[in-house]
Undergrad: 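Structure provided below as structure tokens; questions to follow.
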Amino acid sequence: MPDQAQADEGAAGCGGVVELNVGGVFYTTGLSTLTREADSHLAGLFRDKLSLERDAKGKYFLDRDGVLFRYVLDFLRNQALVLPEGFRERERLRQEANFYGLANLQRAIQDSPPERVSVMSTGQKRGFITVGYRGSFAFGREGLADVQFRKLSRILVCGRVALCRDVFGETLNESRDPDHGVSDRYTSRFFLKHTFIEQAFDMLQEQGFRLLASCGSGTAGGATAELKPGVDLEENRWNHYNEFVFARD
């Protein structure tokens, strides 16, 4: 029978293959990639795996930015820094390189011309962005809806990735659709880190976008379907979904 250490090793990786959970984003890579810069903090972590936490599925867990970790891996694999069009998180990537102790990556970030990292900062590009949200209304006494208190669960953002990053910057959450080496692509899975629809509108207006069209589903007042545990019946009847299409010429 294998001992517990062998069982744990099997859960997180087999041989030289390592499964990672970095801030909620999953990666599979080689141990040789993670330890390529032998003197780095990252290499040290994986030489002494006993110091690493594991998630519920046995993957090694790093409490760092999961989206930016892909650029760390790409650099270790290729020994070259290649960033996508419209990349606006240079300083955050520098911070990640500093944490992992990757001196070569830090130098590559320093030496990389700003125009290669932030193409969108020198000029605006045309395009469309769709913003959508699912919402309801808060409820007060005796189950009465208080229409002055709108409840939004999440604001979705769809469009060209570089354009979405240009407009929403640090408020954009890309964890549901991380890059996989494609620099010029579209997404329908980004969402915002806040739930203020007017803030999203302000950011679009400041970047020269104008509203072209909108649509809404109306409320689910007649809904009789079985509810999930914890969902309020009255609130569910007021559920609605709205979308707004913005364009910049």
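Residue indices begin at 1 and follow the sequence shown. Heavy atoms only: backbone and side chains are in, while hydrogens, waters and symmetry mates are out.
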Undergrad: Taking the hydrophobic residues Ile, Leu, Val, Met, Phe, Trp and Tyr, and joining any pair whose side-chain heavy atoms are under 4.5 Å apart, which ones share a cluster with F128?
TA: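 Hydrophobic cluster check, F128: joined to L212, V245.
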
Undergrad: What's the spacing between Y60 OH and E53 CD if we round to 0.5 Å?
TA: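 Rounded to the nearest 0.5 Å, the OH-CD separation comes out at 13.0 Å.
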
Undergrad: Under the criterion side-chain contact (heavy atoms from CB on, under 4.5 Å), I'd like the reasoning laid out for Y186 against V161: C-alpha separation, chi angles, the key distance, then a yes or no.
TA: CA-CA 5 Å; Y186 290 81; V161 169; 5.9 Å; no

Undergrad: Mind checking the SG-CD1 spacing from C164 to I129? Nearest 0.5 Å is all I need.
TA: 4.5 Å

Undergrad: Dump the intermediate steps for side-chain contact (heavy atoms from CB on, under 4.5 Å) on I109 and R90, then the final yes or no.
TA: CA-CA 7 Å; I109 296 170; R90 180 181 178 132; 3.9 Å; yes

Undergrad: A108 and F75: which non-hydrogen atoms are nearest, and at how many Å?
TA: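 Distance-wise, the nearest heavy atoms are CB-CE1, 3.8 Å.
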
Undergrad: Could you check whether any side-chain heavy atom of L152 comes within less than 4.5 Å of a side-chain heavy atom of R134, counting everything from C-beta outward?
TA: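 No - every pair of side-chain heavy atoms lies 4.5 Å or more apart.
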
Undergrad: Taking all atoms of both residues into account, what is the closest heavy-atom pair of P178 and V25, and its distance?
TA: CG-CG1, 4.3 Å

Undergrad: Between T33 (side chain) and T29 (backbone), is there a donor-acceptor pair under 3.5 Å?
TA: no

Undergrad: Report yes or no: do F209 and F196 belong to one cluster of Ile/Leu/Val/Met/Phe/Trp/Tyr joined by side chain heavy-atom distances under 4.5 Å?
TA: no

Undergrad: Could you tell me whether the side chain of L156 reaches within less than 4.5 Å of the side chain of Y133, counting heavy atoms only?
TA: no

Undergrad: Salt bridge (charged side-chain N to carboxylate O under 4.0 Å, His left out) between D111 and R107: does it pass, once the steps are laid out?
TA: CA-CA 6 Å; D111 295 341; R107 282 192 290 271; over 6 Å; no

Undergrad: Going from CE on M203 to OG1 on T171, what distance comes out if it is rounded to the nearest 0.5 angstrom?
TA: 4.0 Å

Undergrad: Same cluster or not: are L73 and V22 linked, directly or through other Ile, Leu, Val, Met, Phe, Trp or Tyr residues, by side-chain heavy atoms under 4.5 angstrom apart?
TA: yes

Undergrad: Quick one: closest heavy-atom pair of S153 and T195, and the distance?
TA: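 Nearest heavy atoms, S153 then T195: O-CG2, 4.1 Å.
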
Undergrad: Is atom CG of D39 surrounded by more than 12 heavy atoms (other residues, nucleotides or ligands) closer than 6.0 Å?
TA: no

Undergrad: Report the residue from V131, N173, V157 that forms a side-chain contact (heavy atoms from CB on, under 4.5 Å) with L192.
TA: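 So the option named by the test is V157.
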
Undergrad: Would you call Q110 and R94 a side-chain contact if the rule is heavy atoms closer than 4.5 Å?
TA: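 Sidechains of R94 and Q110: in contact.
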
Undergrad: Within the structure provided, determine whether Q79 and N104 are in side-chain contact (heavy-atom separation under 4.5 Å).
TA: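 Yes; the side chains approach each other to less than 4.5 Å.
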
Undergrad: When rounded to the nearest 0.5 angstrom, what is the spacing between OG in S40 and CZ in F46?
TA: 10.5 Å

Undergrad: When you look at CD of Q95, are more than 12 heavy atoms from neighbouring residues, nucleotides or ligands closer to it than 6.0 Å?
TA: no

Undergrad: Quick test of your reading of the model: are K125 and D166 salt-bridged, counting only N-O distances below 4.0 Å?
TA: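 The answer is no: the pair does not qualify as a salt bridge.
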
Undergrad: Kindly say whether V67 contributes a backbone atom to a donor-acceptor pair with the side chain of D65 at under 3.5 angstrom?
TA: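 Flag set: sc D65 to bb V67 pair under 3.5 Å.
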
Undergrad: Can we say E19 and K57 salt-bridge, meaning some charged N sits less than 4.0 Å from an Asp/Glu carboxylate O?
TA: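 No, no charged N to carboxylate O under 4.0 Å.
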
Undergrad: Is the shortest side-chain heavy-atom distance between L83 and Y71 below 4.5 Å?
TA: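 Yes, side chains in contact.
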
Undergrad: Which atom pair, heavy atoms only, marks the closest approach of R54 to G58?
TA: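 Of all heavy-atom pairs spanning R54 and G58, the closest is NH1-O, 3.2 Å.
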
Undergrad: With a 3.5 Å distance limit and no angle check, can you tell me whether R126 reaches the backbone of D249 through a side-chain donor-acceptor pair?
TA: no

Undergrad: Kindly indicate whether the side chain of E96, heavy atoms from C-beta on, has any atom under 4.5 Å from the side chain of R64.
TA: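 Yes, close enough: below the 4.5 Å cut-off.
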
Undergrad: Under a 3.5 Å distance rule, please check whether H240 uses its side chain to pair with a backbone N or O of G135 as donor and acceptor.
TA: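 Checked: pair present.
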
Undergrad: Any chance you could measure I197, atom CD1, to D202, atom CG, to the nearest 0.5 Å?
TA: 10.5 Å

Undergrad: Examine F26 and L68 and state if one hydrophobic cluster contains both, with Ile, Leu, Val, Met, Phe, Trp and Tyr joined whenever side-chain heavy atoms are less than 4.5 Å apart.
TA: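 Different clusters: F26 never reaches L68 through Ile, Leu, Val, Met, Phe, Trp or Tyr contacts under 4.5 Å.
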
Undergrad: If we ignore hydrogens and angles and just use 3.5 Å, is the side chain of R248 paired with the main-chain N or O of Q207 as donor and acceptor?
TA: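 Yes; at least one donor-acceptor contact below 3.5 Å.
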
Undergrad: Looking at D177 and R185, is any side-chain nitrogen of the basic one under 4.0 Å from a carboxylate oxygen of the acidic one?
TA: yes

Undergrad: Using every non-hydrogen atom in the two residues, find where A38 and A43 come nearest and quote the distance to one decimal.
TA: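 Smallest heavy-atom distance, with atoms named: O-CB, 3.8 Å.
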
Undergrad: Check the pair F244 / F201 against ring pair (Phe, Tyr, Trp, His ring centres under 6.0 Å), numbers first and verdict last.
TA: CA-CA 10 Å; F244 305 86; F201 291 167; 5.1 Å; yes

Undergrad: What verdict does the ring pair (Phe, Tyr, Trp, His ring centres under 6.0 Å) test give for F191 and F168, after you've listed the backbone C-alpha separation in whole Å, the side-chain angles of each residue and the deciding distance to 0.1 Å?
TA: CA-CA 10 Å; F191 59 95; F168 296 109; over 10 Å; no

Undergrad: Quick check: closest heavy atoms across S217 and N242, and the distance to 0.1 Å?
TA: N-OD1, 4.1 Å

Undergrad: Using 0.5 Å steps for rounding, measure from the CD atom of E174 to the CZ atom of F190.
TA: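 Result: 4.0 Å between the selected atoms.
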
Undergrad: Is the CZ atom of R176 crowded by more than 12 outside heavy atoms at less than 6.0 Å?
TA: no

Undergrad: Regarding R92 and E170, does a basic nitrogen lie under 4.0 Å from an acidic carboxylate oxygen?
TA: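 Salt bridge: yes.
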
Undergrad: Could you walk me through whether L42 and L76 satisfy the side-chain contact (heavy atoms from CB on, under 4.5 Å) test, starting with their C-alpha distance in whole Å, then the side-chain angles of each, then the deciding distance to 0.1 Å, before giving a yes or no?
TA: CA-CA 11 Å; L42 182 64; L76 290 172; 3.7 Å; yes

Undergrad: Please report the C-alpha distance between R165 and E89 in whole Å, then the side-chain angles of each, then the deciding distance to 0.1 Å, and finally whether the salt bridge (charged side-chain N to carboxylate O under 4.0 Å, His left out) criterion is met.
TA: CA-CA 10 Å; R165 287 172 176 159; E89 298 187 285; 5.9 Å; no

Undergrad: Please tell me if the side chains of L20 and F69 come closer than 4.5 Å, counting only heavy atoms from C-beta onward.
TA: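 The answer is yes; the side chains approach within 4.5 Å.
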
Undergrad: Count I, L, V, M, F, W, Y as connected when their side-chain heavy atoms are under 4.5 Å apart, and connections chain through other members. Are L211 and I155 then in the same cluster?
TA: yes

Undergrad: Using side-chain heavy atoms (C-beta onward) and a distance below 4.5 Å, is L45 in contact with L62?
TA: yes

Undergrad: Are a donor atom and an acceptor atom from the side chains of R70 and Y27 found within less than 3.5 Å of each other?
TA: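 No pair is found: no donor N or O on one side chain lies under 3.5 Å from an acceptor on the other.
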
